Amino acid sequence: MAPTPSPGKRRRLHEEISGDRSQPQAQRRVLSQAVRLWVLADKLETSEIETAYRLAQELGALRSSDIKFANLVLTAVKAPKRVWLALRREATGSNLSDEWLRSLNVLHVDWLADTEKKGIMQAYDAYRIVLPRDTAESAQKASPSASSSSIKKEVASPSCIKKESPSLSSPPSSTPVIPTSPPPPAWTNSEYSCQRPSPLRSAHNQPLVDELEVIRKQRDLTSQRWSERSYSMCLSAIKAYPRKVCSQSLKEVKSLKGVGPKMIVSIARPAESCQFCSSGQIVEAQQILSDPANPIMFSFMELYGVGPVAARELYEDGCRSNADVVARGKSLATHLDVADCLGILPDLKLPIPRAEVEEIASLLYEEARVVLPGCRYTICGGYRRGKPRSNDVDVVISHEGNGARIHDILDRLKRKGIMSYNVNVLTHSDEARLDAALHLNVAEIVVLPPRSVIVPHPKHRRVDLVMCPPQIYGAAVIGWTGAKTFEKDIRRWAKLKGYKFHSTGLRVRETGELVETPTEEDVFRLLGLRWMPPEWRNTDA
DNA sequence: GCTAGTTT
DNA sequence: GTTTTGGC
DNA sequence: AAAACC
């Protein structure tokens with residue numbers, strides 16, 4: 001069996017990496033901290049090695065104190081065999097396996113010089129030193145095509161994309177989006193994503209959006225908050241851009257709000273040719289994915305209750321798969337019992353089809369209407385934005401000034417065996433002194449729907465049940481519909497207009513006075529925003 | 001019961 | 001050059 | 001990382 005690469009210590013994030021991180025901030029960040037460099041000493045003077053490290057750090061990369069923390073190796077040696085022997089020599093002290101060594105990108109030192117000279121991270125391929133393989137190893141190299149192609153097939157078959165449109169007939173053409181009553185406003189180059197329509201998938205630039213998303217996730221993983229925000233904004237600007245990003249449109253792309261100089265360097269060379277168009281890839285995104293640690297930590301972050309810090313910790317603890325996480329036996333979502341948490345974790349990762357979202361929502365409504373006669377409900381979240389499959393179910397229910405009844409609803413759901421876990425109940429009585437009746441309550445629960453035609457194989461599903469009075473219903477529905485960047489921008493926009501926007505209501509900034517918003521349209525009108533149908537709020541990748 | 005940090 | 005970036 | 005502000 002192929003031994004897993006002495007998985008133990010791949011690296012421990014930035015701690016072991018002596019990168020003078022106070023310094024490279026304002027620098028030309030041609031490289032990023034995703035590059036952890038180690039230089040092979042052979043054929044280099046001590047001073048040359050030092051210069052290389054210094055240059056790499058100046059360009060924004062990290063200097064690795066030991067090969068075991070690196071993901072990029074530079075060498076002046078060109079003979080693959082010699083490089084391979086030197087690497088094995090270096091690796092013996094750290095007990096690194098051959099397989100581990102092969103996961104490194106080994107490049108000629110010219111890569112660094114050229115990267116500096118051209119002012120943009122150069123693609124690896126032209127500089128790569130392909131490590132030789134001895135015959136014993138080459139046997140196991142041939143096989144994995146079978147498994148990888150089957151995975152690819154599953155990913156590449158999003159026939160799901162336009163599968164079920166809920167009520168209306170299928171769209172005529174172009175974008176796989178559920179038709180909506182009013183057409184969205186025309187595209188504008190705005191700093192605020194809430195002012196322009198964002199489709200589920202970009203008709204012209206989705207591959208580019210996906211590349212940017214890789215970098216965004218890496219910034220998230222490494223808790224670089226503002227950089228992550230910048231990539232979110234850039235990505236949503238390009239997602240909404242109604243033309244293809246190419247050398248012809250480059251001039252206009254450069255003028256897009258949220259697409260600054262660094263992003264332009266990533267997307268297109270300073271010259272009029274376009275890096276992305278020619279190679280189909282952004283070098284840094286490929287670099288991030290080429291380190292096997294990153295996809296693993298990204299997948300941990302998809303688990304309910306795991307954020308950047310926990311993902312990094314899991315990896316450090318030696319976890320490499322979902323099964324490892326469960327086997328580790330530590331609770332993740334802090335409000336769930338360890339056994340419960342680990343038991344339902346696999347289920348919670350599975351996407352929920354639209355029909356099941358609707359089924360679960362009506363189950364909740366059946367109980368809610370008994371407790372709160374005449375209540376209304378709206379299914380929000382990704383479902384409302386037209387996503388073919390959702391990660392969870394968000395339902396906003398109106399109540400006539402009696403949010404305390406949320407516990408009655410939960411009791412009923414529990415008695416019927418629909419609610420399997422109560423994760424958390426937030427009774428958010430924001431500014432309670434000012435508006436005693438205006439409560440917004442959120443129940444974060446896990447539901448196991450009964451078997452039915454629509455749900456032939458019931459799974460545990462995450463459900464957010466939101467209850468609010470009619471006066472803030474519009475704000476709550478906007479707040480729980482998303483997407484994330486849309487929410488952030490509508491709040492920034494509201495600030496600009498002298499309001500404070502929150503899912504618990506729209507308020508005048510100065511006085512804190514509540515402005516009633518029974519419908520979403522009220523919020524848009526009061527903020528001076530054109531109506532944006534939910535299907536066009538897909539600002540995130 | 002508090003604070004700090006993390007996650008939703 | 002400094003501040004803000006959603007706001008709990 | 002970008003943009004608005006000063």
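Since we're looking at a predicted model, the values are computed, not measured. Proteins get letters first, then strands, A, B, ... in listed order; numbering begins at 1 in each.
In summary, contact between chain A and DNA chain B, defined as any nucleotide atom under 4.0 Å from a heavy atom of the protein, begins and ends at B/dT6 to B/dT8 in the 5' to 3' direction.
One interatomic measurement links the two molecules: CE of A/M233 to P of C/dT4, which rounds to 16 Å at whole-angstrom precision. A straight line from CG of A/D489 to P of C/dT5 spans 12 Å, rounded to a whole angstrom. The interatomic distance linking A/L506 (CG) with C/dG6 (C1') rounds to 14 Å, in whole Å. What separates CH2 of A/W226 from C1' of D/dA2 is a distance of 12 Å, to the nearest Å. Taking atom OH on A/Y192 and atom P on C/dT4, their separation rounds to 14 Å, with Å as the unit. In this structure, A/L440 places its CG atom 14 Å from C1' of C/dG7, rounding to the nearest Å. We find that CD1 of A/I282 is positioned 13 Å from P of D/dA1, with the value rounded to whole Å. Distance CZ (A/R537) to C1' (C/dG6): 17 Å, rounded to an integer number of Å.
Nucleic acid contact for A/Y304: sugar-phosphate only, since backbone atoms but no base atoms lie under 4.0 Å from a heavy atom of the residue. As judged by a 4.0 angstrom heavy-atom cut-off over every strand, A/L256 is placed among residues touching the sugar-phosphate backbone only. Residue-level contact check: A/M263 touches the backbone only, with heavy atoms under 4.0 Å from sugar-phosphate atoms and none from bases. Counting non-hydrogen atoms under 4.0 angstrom, A/A310 reaches the backbone sugars and phosphates but no base. At the heavy-atom level, A/K488 lies under 4.0 Å from base atoms of the strands shown.
Not a single ring-ring contact (aromatic ring centres under 6.0 Å, His included) links A/Y304 to another residue, sequence neighbours left out. Applying the ring-ring contact (aromatic ring centres under 6.0 Å, His included) criterion to A/Y53, with sequence neighbours excluded, gives no partner residue. Among residues two or more places apart in sequence or in another chain, the ring-ring contact (aromatic ring centres under 6.0 Å, His included) test is passed with A/Y241 by A/W187. Judged as a side chain to side chain donor-acceptor pair (under 3.5 Å), and not counting sequence neighbours, the contacts of A/R328 are A/D317. Among residues two or more places apart in sequence or in another chain, the ring-ring contact (aromatic ring centres under 6.0 Å, His included) test is passed with A/Y499 by none.
Counting only N and O atoms by type, the side chains of A/N538 and A/S198 include no donor and acceptor under 3.5 Å apart.
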Distance-only check: which donor-acceptor pairs under 3.5 Å involve side-chain atoms of residues 230-238 of chain A, not counting sequence neighbours?
from   : atom 1 : to     : atom 2 : distance (Å)
A/S230 : OG     : A/W226 : O      : 3.2
A/S232 : OG     : A/E228 : O      : 3.1
A/S236 : OG     : A/R196 : NH2    : 3.1
A/S236 : OG     : A/S232 : O      : 3.4
A/S236 : OG     : A/M233 : O      : 3.1

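Comparing C/dT4 with B/dT8, their C1' atoms sit 24 Å apart, to the nearest whole Å. Between C/dG7 and B/dT6, the distance separating the two C1' atoms is 15 Å to the nearest Å.
Note that CD of A/E211 is 11.0 Å distant from CD of A/E213, once rounded to the nearest 0.5 Å.
Between A/K495 and the phosphate of C/dT4, there is no side-chain N or O to OP1/OP2 separation shorter than 4.0 Å. At least one side-chain nitrogen or oxygen of A/R229 sits closer than 4.0 Å to the OP1 or OP2 atom of C/dG6.
Under the Watson-Crick or G-U wobble criterion, with both distances below 3.5 Å, C/dT5 is paired with D/dA1. The nucleotide B/dT6 finds no pairing partner, because no Watson-Crick or G-U wobble arrangement with both distances shorter than 3.5 Å includes it.
The stretch residues 510-530 of chain A participates, sequence neighbours left out, in these ring-ring contact (aromatic ring centres under 6.0 Å, His included) pairs: A/F524-A/W531.
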Candidate pair A/F501 and A/E487, rule side chain to side chain contact (heavy atoms under 4.5 Å, CB included), full reasoning: CA-CA 9 Å; A/F501 176 77; A/E487 298 300 321; 4.1 Å; yes

With the criterion being N/O to N/O and under 3.5 Å, what pairs connect the protein with nucleotides 4-6 of chain D, and how long is each?
from  : atom 1 : to     : atom 2 : distance (Å)
D/dA4 : OP1    : A/K257 : NZ     : 3.3

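Minimum atom distance to the side chain of A/K500 is reached by C/dC8, of the listed D/dA2, C/dC8, C/dG6.
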